[in-house]
Amino acid sequence: MENKNSVNSRKLVSVKGKALKDLFTDPDVIAAKVDGRIVDLSTSLNGGKEVEPVSMHSKEGLEILRHSTAHVMAEAVKALFPDARPTIGPATDEGFYYDFDRDTPFSSEDLASIEKKMQDIIASDKPFIRKEIPKEDAVRYFTDQHEPYKVEILNDIEDDTVSLYTQGDFTDLCRGPHIPSTGYIKAFKLLSVAGAYWRGDEHNKMLQRIYGTAFASKEELDKYLEFLEESKKRDHRKLGRELELFMMSDEVGPGLIIYLPKGGMLRSILEDFEKRLHLKRGYDIVYGPGILKGELWKISGHMDNYRENMYFTEVDNQLYGIKPMNCLSHILIYRSKIRSYRDLPLRYFELGTVTRHEKSGVLHGLLRVRQFTQDDAHIFCMPDQLIDEIISIINLVDEVMALFGFDYETEISTRPEKSIGTDEEWELATNALKQALEVKGLEYDINEGDGAFYGPKIDIKLKDAIGRKWQCATIQCDFSLPQRFDLSYIGPDGQKHRPVMLHRVILGTIERFMGVLIEHYAGAFPTWLAPVQVVVMSITEAHSGYAGDIAQRLEEDDIRVELDTRNEKIGYKVREARAMKVPYMAIVGQREMDENTITLRDRSGKQEKTTVDDLISRIKSSVPEI
RNA sequence: GCCAGCGUAGCUCAGUGGCAGAGCAGCUGAUUCGUAAUCAGCAGGUCAAGGGUUCAAGUCCCUUCGCUGGCUCCA
């Protein structure tokens, strides 16, 4: 968000012995940076410092505003529900939440009354007062107040002094900073209630969380609420049904997708695209079986590290694991003959369908399912080829994301608790990933402990048309599995050496990527992806034959066409084709029949008279070069 | 898996313990029409499933299943 303060926003000042609030007259300034540290406006300066105002329109200011709104919400909740024990209430990327321990959960009616109470608190414009006290005093205070969660938090704080913030009747343990007074809150809304574990640990008690958001102005809040509405309209589950792409059924089971003809077409287009893409880049297409013997999963470490996500089946007294990943077959393909350093790198690509037992509560449309198809590949290479291979995968991701119109961010996930391999291997692997990103000049965040059990990974979060982030592509570096399966290649020295293995997906999974594409394009796929590219529609029965001829010519040129010669008015047919978000309509009546033309209407409603050949070449040229 | 809410026709949704409803979609017929809905008729239901309370349950209670929003987990 832009810092839109005009008068004194960027100015650095130097003062002595003055409260910061006297320096800034702009009512949007809610805090200040003193020598780079953000503090309350009520702070008094002693000595010359560099001071910069923080506006509630800035990212940092907005965070403070939201955090303060969370405190106001906690005050309201305590006033209305004295039995609710406050725990923590931070700002988030999109708003804030506060978690309470309470026997009876909040209802949506409760939200309305909490909101009303908050309005009162804001109207009374109570100041936020900061107090620094010794930790023992704070422990005593919160013990007296019967707030065990605050005491627990205090016990984890190492400092001797802690800060408390009080506004009105509510005092919270808090590092701050906060807005000067509650009246600074101009636009907020409570959004939902949810359960959340204390300290995010599923073994702990479940608390009651209230989500809300706040903005510097009513307009910005309204814009955000519109964004939420827009997201709902783009929901792939809704569009998936309306556009007849896929279905799910209680009779089949949760998290299992059935592709309807139009979704089947979309999937097949994506899969053809992927095959061409990979063949052109030195990958070999392979296929592995859906079930593999239990013994293999023991060797790989899946039995010890991934068991709760796997399905098993027993045939003829032999245990089989239904594959949750495609790597094992690819490893066996590598091991199927002696490899020379001259053969490397070897890149095996598989549109591999895997099955994972995901917890029932996490399933979500196409985005989180129990059986899905990955555009998976495993690259076996020499250690000194590793960086180049990672770089060329990043280049591929870059190219593909640009093609679909996605921007993206990258992060590196490091060693999780449950994992295999030595620390040295993990460090080597993690450094290789970092180095590749640095060579590419890409910035990345570190996601501690979030790697796969066999190696660290680069996660790519793509950003869709309305700014939401989705995890699809991932690149994982693995020294462990080659060792566990005793993979080797013969080097120039005639000796056996251990290859390194990269696991990677580009789209991630066909299911999730389709879900993201549906929301990204709001169902209006670009022509090359559209399951139906043209609907040929006749004005009356007299033009059915001509319409049929047009449709047939398109079909002969591999155009995905539907023919609509129903006994309906043209307005009705146009309406339906628009609802199905078909890129082109070819409308034919007496005029077109006489001239051997079509009237071509595109999705924007633009119309022109043209020929079938022109339409065919337009559609053909929409297919991207890869 | 956990917390909360929800589950009525293919879809969207009314139905406040007393006869199971509407619009759209579907089917049949009429209409032959130039760019977001032509008219009429017909058909469509184990009210998620099972149990209970009641003279009477879509409605109240319990259990199970599923979905939605979160939490934890994840492509």
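Residue numbering restarts at 1 for every chain, and letters A, B, ... go by the order of the sequence lines.
Within 4.0 Å (heavy atoms only), A/Thr599 reaches at least one base atom of the nucleic acid. Backbone-only contact: A/Tyr211 has heavy atoms under 4.0 Å from sugar-phosphate atoms and none from a base. At a threshold of 4.0 angstrom between heavy atoms, the contacts of A/Val505 with the nucleic acid are absent. Residue contacts for A/Glu244: at a heavy-atom cut-off of 4.0 Å it reaches no nucleic acid atom on any strand shown. Among the heavy atoms of the strands, none lies under 4.0 Å from A/Lys232. A/Gly571 comes within contact range of the sugar-phosphate backbone alone, with a heavy-atom separation under 4.0 Å but no base atom that close. A/Asp450 comes within contact range of the sugar-phosphate backbone alone, with a heavy-atom separation under 4.0 Å but no base atom that close. Nucleic acid contact for A/Arg237: sugar-phosphate only, since backbone atoms but no base atoms lie under 4.0 Å from a heavy atom of the residue. Contact annotation for A/Val369: base contact, defined as any heavy-atom pair under 4.0 Å involving a base atom. Base engagement by A/Glu568 is indicated by at least one non-hydrogen atom pair under 4.0 Å involving a base atom. Across all strands, A/Gln471 comes closer than 4.0 Å only to sugar-phosphate atoms, never to a base (heavy-atom distances). Residue A/Gly361 is classed as a base contact, given a heavy-atom separation below 4.0 Å to a base. Among the protein residues, A/Arg591 comes within range of the nucleic acid bases, having at least one heavy atom under 4.0 Å from a base atom. Heavy atoms of A/Glu511 sit nowhere under 4.0 angstrom from any nucleic acid atom.
Taking each heavy atom of A/Glu448 and A/Thr414 in turn, the nearest pair found is OE1-OG1, 2.9 Å.
Ion pairing between a basic and an acidic side chain is recognised when a charged N comes within 4.0 Å of a carboxylate O; A/Glu608 and A/Arg618 show such pairing. Between A/Arg267 and A/Glu271 there is a salt bridge, since a side-chain N of the basic residue sits under 4.0 Å from a carboxylate O of the acidic one.
When the side-chain nitrogen and oxygen atoms of A/Lys573 are compared with OP1 and OP2 of B/C33, none of them lie within a distance under 4.0 Å. For the pair A/Tyr572 and B/C24, the criterion of a side-chain N or O lying under 4.0 Å from OP1 or OP2 is not met. A/Ser360 has a side-chain polar atom (N or O) that falls below the 4.0 Å cut-off from OP1 or OP2 of B/G1. Considering only side-chain N and O atoms, A/Arg241 lies nowhere under 4.0 angstrom from the phosphate OP1 or OP2 of B/G10. Listed pair A/His503 / B/A75 fails the phosphate criterion, with no side-chain N or O lying under 4.0 Å from OP1 or OP2.
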Check step by step if ring-ring contact (aromatic ring centres under 6.0 Å, His included) holds for A/His357 and A/Tyr311.
-> CA-CA 7 Å; A/His357 180 254; A/Tyr311 291 89; 5.6 Å; yes
Output, in order, the C-alpha distance, side-chain angles, deciding distance and verdict of ring-ring contact (aromatic ring centres under 6.0 Å, His included) for A/His330 and A/Phe380.
-> CA-CA 10 Å; A/His330 298 190; A/Phe380 299 87; 7.9 Å; no
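Nucleotides B/G34 and B/G45, compared at atom C1', are 41 Å apart to the nearest Å. Here, B/C27 and B/G10 have their P atoms 15 Å apart, quoted to the whole Å. Nucleotides B/C13 and B/G70 are separated by 26 Å at their C1' atoms, to the nearest Å. When the P atom is compared between B/G23 and B/G17, the two are found 26 Å apart, to the nearest whole Å. Across the C1' atoms, B/G15 and B/A9 are found 14 Å apart, a figure rounded to whole Å. Atom name C1', nucleotides B/G21 and B/U28: the rounded distance is 23 Å, in whole Å. Taking the P atoms as reference points, B/C19 lies 33 Å from B/C65, given to the whole Å. For the C1' atoms, the distance from B/G1 to B/U16 is 36 Å, rounded to whole Å.
Figure legend. B/G21 is base-paired to B/C13; pairs are counted as Watson-Crick or G-U wobble with both atom distances under 3.5 Å. Across all strands shown, nothing is found opposite B/A57 as a Watson-Crick or G-U wobble partner with both distances under 3.5 Å. Judged by Watson-Crick or G-U wobble contacts below 3.5 Å, the nucleotide B/C65 has B/G7 as its partner.
When distances run from any side-chain atom of A/Pro105 to the nucleotides B/A4, B/A37, B/A75, the shortest one goes to B/A4. For A/Tyr197, taking side-chain heavy atoms from C-beta onward, the closest of the listed nucleotides B/U72, B/U38, B/A36 is B/U72.
A/His203 places its NE2 atom 14 Å from the P atom of B/C2, with the value rounded to the nearest Å. Put simply, CD1 on A/Ile506 is 15 Å from P on B/A75, counting in whole angstrom units. Between the C1' atom of B/A75 and the NZ atom of A/Lys323 lies a distance of 14 Å, rounded to the nearest Å.
For A/Phe96 and A/Tyr98, the ring centers sit 6.0 Å or farther from each other. Two rings, from A/Phe81 and A/Phe100, have their centers 6.0 Å or more apart. A ring-centre distance under 6.0 Å is not found for A/Phe246 and A/Tyr259.
Side-chain to base pairing of A/Gln208 with B/G70: no donor and acceptor N or O lie closer than 3.5 Å to each other. The base of B/C3 is not paired with the side chain of A/Arg102 by any donor and acceptor separated by under 3.5 Å. No donor-acceptor contact under 3.5 Å links the side chain of A/Arg209 to the base of B/C71.
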